[in-house]
Amino acid sequence: AGSSKRTQIANYATQFLGNPYVWGGTSLTRGADCSGFTRYVLSKSASISLPHSSKGQSSYGRQVSEDEMQPGDLLFYSGSGGINHVALYIGDGQIVHASTEKTGIKTSPYDYRTPVKIVNVLG
């Protein structure tokens with residue numbers, strides 16, 4: 001999984017900007033939640049199979065530091081009950097994620113919240 005593969009994943013993911021957030025959803029056009037979005041993007045763009053929960057996805061791959069993260073890596077954020085959000089790093093300090101029902105799928109600075117874990121699922 002070289003840098004071109006990672007760029008392809010980031011480009012694939014950003015095609016869905018502006019599409020709706022739907023809790024429990026897995027459709028990139030009709031609506032997905034955060035883990036549904038990352039699961040579908042990595043399945044279609046990299047043939048990587050992940051569970052449909054941010055906590056479940058956080059146990060896949062190899063943990064990396066902020067200095068090591070590359071496009072295609074997954075960033076995890078936590079709330080009061082542990083990991084509750086996942087986003088896909090697309091480079092230049094930006095993530096793409098299914099954020100909220102109000103904002104849908106959008107980009108944000110990766111540190112809009114402090115990530116608690118970053119994983120490389122591409123090997």
Side-chain angles (χ1 to χ4, degrees):
S3 60
S4 63
K5 182 66 172 172
R6 289 177 173 277
T7 303
Q8 286 172 354
I9 292 166
N11 290 343
Y12 182 77
T14 55
Q15 292 181 106
F16 305 102
L17 289 172
N19 287 359
Y21 173 98
V22 174
W23 191 86
T26 57
S27 167
L28 296 180
T29 49
R30 291 191 310 279
D33 62 12
C34 64
S35 59
F37 175 72
T38 52
R39 179 179 187 231
Y40 194 95
V41 165
L42 287 168
S43 168
K44 294 297 180 199
S45 62
S47 300
I48 292 170
S49 178
L50 294 169
H52 188 182
S53 88
S54 52
K55 185 165 175 43
Q57 290 181 10
S58 72
S59 63
Y60 282 69
R62 177 177 62 86
Q63 189 162 354
V64 296
S65 69
E66 287 182 24
D67 294 337
E68 298 171 303
M69 67 184 178
Q70 301 175 70
D73 287 348
L74 296 177
L75 281 74
F76 297 91
Y77 302 87
S78 70
S80 54
I83 288 174
N84 66 358
H85 191 63
V86 58
L88 183 81
Y89 188 66
I90 55 173
D92 296 324
Q94 295 289 304
I95 54 169
V96 61
H97 56 140
S99 181
T100 65
E101 286 182 7
K102 186 174 178 181
T103 59
I105 295 171
K106 67 175 198 167
T107 58
S108 300
Y110 83 92
D111 57 358
Y112 83 107
R113 285 163 62 189
T114 304
V116 294
K117 189 173 187 181
I118 303 167
V119 299
N120 171 355
V121 292
L122 297 167

Pairwise side-chain contact, [X] with [Y], heavy-atom cut-off 4.5 Å (strictly under):
X	Y	value
V96	F37	yes
K55	F76	no
S108	H97	yes
P51	R39	no
Q57	T38	yes

**Message:** Suppose clustering is done on Ile, Leu, Val, Met, Phe, Trp and Tyr with side-chain heavy atoms closer than 4.5 Å. Which residues sit in the same group as Y89?
**Reply:**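 ILVMFWY cluster around Y89 also holds V64, M69, L75, Y77, I95, Y110, Y112, I118.
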**Request:** Could you note down all residue pairs passing salt bridge (Lys or Arg N to Asp or Glu O under 4.0 Å) where residues 14-26 supplies at least one of them, sequence neighbours left out?
**Result:**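 Passing the test, one end in residues 14-26: no pairs.
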**Prompt:** Which salt bridge (Lys or Arg N to Asp or Glu O under 4.0 Å) pairs, counting each pair once, include a residue from residues 96-114, with sequence neighbours left out?
**Reply:**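 Applying salt bridge (Lys or Arg N to Asp or Glu O under 4.0 Å) to every pair that reaches into residues 96-114, excluding sequence neighbours, yields nothing.
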**Asked** Can you find a side-chain donor-acceptor pair between T26 and H52 that sits under 3.5 Å?
**Response**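 T26 vs H52: no donor-acceptor pair found between side chains.
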**Asked** Under 3.5 Å, is there a donor-acceptor pair between the T100 and T103 side chains?
**Response**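 There is such a pair between these side chains.
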**Request:** Might you confirm whether atom NZ of K117 has over 12 heavy atoms from other residues, nucleotides or ligands at distances under 6.0 Å?
**Result:**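 For K117, atom NZ is crowded (more than 12 foreign heavy atoms under 6.0 Å).
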What residues form a side chain to side chain donor-acceptor pair (under 3.5 Å) with [X], not counting sequence neighbours?
X	result
T29	S27
S65	E68
S58	none
N120	R6

**Message:** Under the rule for ring pair (Phe, Tyr, Trp, His ring centres under 6.0 Å), what residues qualify as partners of Y40, not counting sequence neighbours?
**Reply:**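 In terms of ring pair (Phe, Tyr, Trp, His ring centres under 6.0 Å), with neighbours along the sequence ignored, Y40 is linked to no residue.
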**Item:** Non-hydrogen atoms of G36 and A32 that approach each other most closely
**Value:**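 Between these two residues, the closest heavy atoms are C-CB, 4.2 Å.
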**Message:** If you compare all heavy atoms of P115 against all heavy atoms of E66, which two are closest, and at what distance to 0.1 Å?
**Reply:**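 Closest pair (atom of P115, atom of E66, distance): CG-OE2, 4.1 Å.
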**Request:** Enter the distance from S53:OG to I83:CD1 here, rounded to the nearest 0.5 Å.
**Result:**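 Between atom OG of S53 and atom CD1 of I83 there are 9.0 Å.
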**Request:** Just do the side chain to side chain contact (heavy atoms under 4.5 Å, CB included) check on V121 and D73 with the steps written out, would you?
**Result:** CA-CA 6 Å; V121 292; D73 287 348; over 6 Å; no
**Request:** Under the side chain to side chain contact (heavy atoms under 4.5 Å, CB included) rule, what do I48 and Y60 come out as? Steps first, then yes or no, please.
**Result:** CA-CA 10 Å; I48 292 170; Y60 282 69; over 6 Å; no
**Stepwise side chain to side chain contact (heavy atoms under 4.5 Å, CB included) check, L50 with L74** = CA-CA 11 Å; L50 294 169; L74 296 177; 3.9 Å; yes
**Request:** Quick one: which residue pairs count as a side chain to side chain donor-acceptor pair (under 3.5 Å) with a foot in residues 13-22, not counting sequence neighbours?
**Result:**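 Side chain to side chain donor-acceptor pair (under 3.5 Å) check on residues 13-22 returns no pairs.
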**Item:** Test side chain to side chain contact (heavy atoms under 4.5 Å, CB included) applied to H85 and S54, step by step
**Value:** CA-CA 6 Å; H85 191 63; S54 52; 5.6 Å; no
**Prompt:** Can you name the residues that form a side-chain contact (heavy atoms from CB on, under 4.5 Å) with S45, not counting sequence neighbours?
**Reply:**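 Counting only residues at least two positions away or on another chain, S45 forms a side-chain contact (heavy atoms from CB on, under 4.5 Å) with I9, Y12, V41.
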